[in-house]
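Notes follow once the structure below has been shown.
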Amino acid sequence: MDVKTRKIVKRNSSKTEVTPFQIKDCALIVRISDQLPAINLRELRERVGNCSADSLYHHFCETVLRPSFDDPEFHNDFAIWARRALHDHVLAEKLEILDPYSFSDMEELRKEVIDILDDRLSETYYVPWALHDRAFYFHSATTVVFDTNITIDSPEKLCDAIAEMTTSSLYYHFWEARRRTPERRDDFTVWLKAWNDRGIPLIKAFSQIDFYFMSLRELQQRTCQVIREATGGGSVK
Amino acid sequence: MRSLQAYEPIVGPAVLHQLWQLADNLQGLKVVHVNSTRTGGGVAEILSWMIPFMNELGIDTSWEVVEGNAPFFAVTKMFHNGLQGNQVNLLHHHIESYEDTNRANAEKLRPVLEEADIVFIHDPQPAMLMHLCPNRRGKWIWRCHIDASRPYRPVWKYLRPFLETYDASIFSMSQFSRSLPHPQFLLAPSIDPLSDKNVNLPDEEIQATYKRFNLDPGRPVLTQVSRFDRFKDPLGVILGYQLVKKFSPVQLVLAGGGADDDPEGAEVLREVNEAAKDDPDIHVLLLPPDAHRTINALQSCADIIIQKSTKEGFGLTVTEGLWKGKPVLGGYVGGILLQVINHHTGFLVNSPEGLAQRVRYLLNHPEMIRTMGDKGREFVRENFLLTRHLREYLTLMTGLRRGFSSRLVVAA
């Protein structure tokens, strides 16, 4: 299959000056970071203080792309490790509630994580340890971004396009966009702003999605659902 | 040979499109993979599909195999065991055999290796080749398929100088990795859903397999497919089976092939035959390395797949079992942890007793066998098919060419 022959989503639509939305896709390549693995809570606290912002981002935000069954209980690696390796339920809950997108940047998030870890260290009478084969490994990832050659040329076609996207496309435009764009919003919202009245109901709908605690499949379904609701029910073709 | 297009009905068009998009930036690249056998074992299986598909995507890819004699493979088996933590007696003549064989192979392979843009060296057998190619111009990557998390120190100390000069290394899981002075990437392996080993078989073929191996289709079948290797714990499987047999009329299949680079298999097979000799319901099958369809049929006949390893790299036989829609009872080790998710795709076990308890539980809950099987197949479809694996190799090669940062845009 020639990449250039991929179907371009362009149906008849009202003429507009707005640049069509370019659907991109991405793939991660994950590597082990230069931090040594942490085997106890004190080491975790020290490594969190020293690891790169990319590493923090990976353990909080890129987990959604990882092969696993939906695990609604925990969404970031620190909470998962606290629960499964240290068996510290209280710490796991305190870490789990952190929404990385509510912080202005990764450094603010880092401060909060360290604060929680310090609090927990001061509360416990011993330093919780993991078994030797359950150490916490710090990772980071490179996001390789590529074009799909698919465009969306009107807000009315957004629902169908999102329904057909790969989950990694959705991740790129919905999650990763918040790290990348100056507005710290998803790419759809930024694009819809240019459509003025035609975009406003969808922007409002998107803003109500509590996406961080969803899997990408759930997000895909939820996004289509809110678009349908915002546009009066049925399909928005 | 199949085209990538043949996978569209299984993975969907978007997944294939991703591969073409990524490969667009790698056209004409010269890539060489080197390992130690063309048949037998997971590495050879992966390379047998990866090489043609990379070529189809426009990447000039070749597969070279190091040649060696029995003493060489005895040493590399020692390395394998040593890296997985077994104490081995590494002597001077072992080192000599390893280095002489690598030198001989370097004489033959040097032109193609030095000319390549990217060289992937799989496992320790050919690891010394990089030192023997001083005029190399490309990036060299060491791909470690085994669990090197707690190696026997003398083996690691010997191999480490060869490995640390690589440009990068790849491990299946972070827990398998070692501290090395270069980037270390994480890539899970995968299976080919259209290969003889994994393609859907017609029912007549499955029924014929019961007959061929004297299996009773009316009684539950437990199957472990793997090399006859101590780390696969076939004797532990027999013990677990014997505990179940007191309550349920189960049958056990232990099927495996030898591999060219595994001289220890015959000894383990002898021990297994000895343990199984008085029970006609234990079927120990030594299959030729190309018996892929037979293995597929045996896995398809099974009610429950077992992979009770005590050490495991990734465990492709687990992936195969899940793809057949069977629950898997796997050892609590290595890559099995990534695939066997308790109560979803099977159960993790730590002992023959644990194995027996989970077998009995599943046999008493046949609906769980079905639902776990369905979930397992979908889990593999999403995560462990060759298209995902190929995508990650393409992504890695893109990064190697362009440099790694947090974001890399390859097509604007």
Side-chain angles (χ1 to χ4, degrees), chain A residues 1-7 22-34 36-37 52-55 57-58 62 65-71 84 106 131-150 164-169 172 176 179-180 216-217, chain B residues 3-5 8 12-25 149-150 168-171 173-175 177 179-180 183-188 332-333 338-339 341 344-345 375 379 382-384 388 391-400 402-412:
Chain A
M1 184 172 72
D2 186 329
V3 294
K4 305 292 187 280
T5 63
R6 174 91 166 139
K7 185 180 81 170
Q22 310 276 335
I23 300 180
K24 296 191 185 288
D25 206 339
C26 71
L28 296 190
I29 184 74
V30 180
R31 63 180 179 277
I32 297 171
S33 89
D34 54 6
L36 288 172
S52 67
D54 285 348
S55 187
Y57 179 80
H58 176 75
E62 290 170 339
L65 282 166
R66 186 176 306 154
S68 69
F69 282 94
D70 294 344
D71 184 354
R84 295 186 186 160
M106 285 295 122
L131 292 174
H132 72 84
D133 58 349
R134 294 288 177 271
F136 188 96
Y137 285 81
F138 284 82
H139 299 158
S140 60
T142 294
T143 309
V144 176
V145 184
F146 47 95
D147 280 337
T148 63
N149 293 339
I150 303 173
E164 287 180 15
M165 272 183 192
T166 61
T167 50
S168 45
S169 265
Y172 180 76
E176 212 268 350
R179 186 189 193 197
R180 168 173 31 89
L216 288 167
R217 287 277 177 229
Chain B
S3 147
L4 273 169
Q5 203 57 42
E8 186 174 315
V15 169
L16 294 188
H17 183 62
Q18 287 181 325
L19 300 180
W20 286 101
Q21 287 286 349
L22 280 165
D24 211 26
N25 296 276
S149 54
R150 303 185 86 193
S169 50
I170 304 173
F171 295 89
M173 296 174 72
S174 45
Q175 286 83 349
S177 64
S179 177
L180 287 165
Q184 296 174 72
F185 296 95
L186 300 173
L187 245 96
Y332 201 96
V333 288
L338 293 179
Q339 304 182 74
I341 314 292
H344 286 285
T345 61
K375 268 188 170 183
F379 188 57
E382 287 275 324
N383 301 301
F384 298 119
R388 190 273 313 151
R391 187 189 70 206
E392 289 185 346
Y393 260 92
L394 298 175
T395 310
L396 175 64
M397 290 195 288
T398 304
L400 286 168
R402 303 270 299 269
F404 290 97
S405 54
S406 60
R407 189 181 302 108
L408 185 57
V409 179
V410 296

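Chain identifiers are assigned alphabetically (A, B, ...) following the order of the sequence lines, protein sequences preceding nucleic acid strands; residue numbering begins at 1 within each chain. Because the structure is predicted, anything quoted here is derived from the model rather than measured.
For a residue to count as touching a neighbouring chain, one of its non-hydrogen atoms must lie under 4.5 Å from one of that chain's; by this rule B/Arg391 touches chain A with the side chain only. Only the side chain of A/His139 comes within less than 4.5 Å of a heavy atom of chain B; its backbone N, CA, C and O stay farther away. Proximity to chain A (any heavy atom under 4.5 Å) is shown, for B/Ile170, by neither the backbone nor the side chain. With a threshold of 4.5 angstrom between heavy atoms, A/Ala27 approaches chain B through its backbone and through its side chain. The contact between A/Ser168 and chain B is made entirely by side chain atoms (from C-beta outward), counting heavy-atom distances below 4.5 Å. At a 4.5 Å heavy-atom cutoff, B/Arg388 makes no contact with chain A through either its backbone or its side chain. Both the backbone and the side chain of B/Gln184 have a heavy atom closer than 4.5 Å to some heavy atom of chain A. The part of A/Thr166 that comes within reach of chain B is its side chain, from C-beta onward, which places non-hydrogen atoms under 4.5 angstrom from that chain. Heavy atoms of A/Arg134 lying under 4.5 Å from chain B belong exclusively to its side chain.
Interface check for chain A: of the options B/Glu382, B/Glu392, B/Gln18, the most heavy-atom pairs under 4.5 Å are formed by B/Gln18. Between chain B and the residues A/His58, A/His132, A/Met165, the most heavy-atom pairs under 4.5 angstrom are made by A/His132.
Listed by chain and residue number, nothing satisfies the side-chain hydrogen bond (donor to acceptor under 3.5 Å, both in side chains) test with B/Tyr393 (two or more places apart in sequence, or in another chain). Taking B/Ser149 as the reference, B/Asp147, B/Lys311 meet the side-chain contact (heavy atoms from CB on, under 4.5 Å) condition, with sequence neighbours excluded.
With contacts defined as side-chain heavy-atom distances shorter than 4.5 Å, the pair B/Gln175/A/Asp133 does not qualify. Contact check for A/Phe146 versus B/Asp24: no side-chain heavy atoms found under the 4.5 Å cut-off. Using a 4.5 Å cut-off on side-chain heavy atoms (C-beta onward), B/Gln21 and A/Asn149 make contact.
Note that the CZ atom of B/Arg407 and the CZ atom of A/Arg179 stand 6.0 Å from one another [nearest 0.5 Å]. Put simply, OG1 on B/Thr395 and CD1 on A/Ile29 are 6.0 Å apart, with the number rounded to the nearest 0.5 Å. Between the CG atom in B/Leu186 and the CG atom in A/Leu28 there is a gap of 11.5 Å [rounded to 0.5 Å].
Between A/Tyr137 and B/Ser174, the closest heavy-atom pair is CE2-O, 3.4 Å.
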Side chain to side chain contact (heavy atoms under 4.5 Å, CB included) evaluation trace for A/Thr148 with B/His17: CA-CA 8 Å; A/Thr148 63; B/His17 183 62; 4.2 Å; yes
Stepwise side chain to side chain contact (heavy atoms under 4.5 Å, CB included) test for A/Tyr57 and B/Ser406: CA-CA 10 Å; A/Tyr57 179 80; B/Ser406 60; over 6 Å; no
